[in-house]
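Computed over heavy atoms, backbone and side chain alike; hydrogens, waters and symmetry mates excluded.
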Amino acid sequence: MALSHFLLAVIIPLILFPEQGADIIAQAKLIMTDKFGFLYLALGLAASSS
């Protein structure tokens, strides 16, 4: 139940404000790739292999 509330809390603002949501997602991706680059790549590889 808590996971579904979390997903709704993330998805609804993205639907209502797509431009701002895209900016926030781009900033989050930039932080993930800059600060945790190796971990980000490892997670991507792990997800694609399973």
Side-chain angles (χ1 to χ4, degrees):
M1 183 74 120
L3 180 61
S4 63
H5 289 153
F6 174 76
L7 288 175
L8 287 175
V10 171
I11 292 171
I12 290 174
L14 289 175
I15 292 171
L16 295 176
F17 307 103
E19 295 86 13
Q20 295 87 348
D23 291 340
I24 292 170
I25 290 173
Q27 290 172 357
K29 180 182 175 242
L30 185 64
I31 291 169
M32 283 295 293
T33 55
D34 283 352
K35 303 242 183 219
F36 307 107
F38 179 77
L39 181 60
Y40 181 76
L41 290 173
L43 287 172
L45 288 173
S48 67
S49 65
S50 56

Qualifying residues under side-chain contact (heavy atoms from CB on, under 4.5 Å), relative to Ile12, sequence neighbours excluded: Leu8, Leu16

Would you be so kind as to tabulate the donor-acceptor pairs closer than 3.5 Å made by side chains of residues 27-38, with sequence neighbours excluded?
from	atom 1	to	atom 2	distance (Å)
Thr33	OG1	Lys29	O	2.9
Thr33	OG1	Leu30	O	3.2

Partner residues of Leu14 under the side-chain contact (heavy atoms from CB on, under 4.5 Å) criterion, sequence neighbours left out: Val10, Ile25

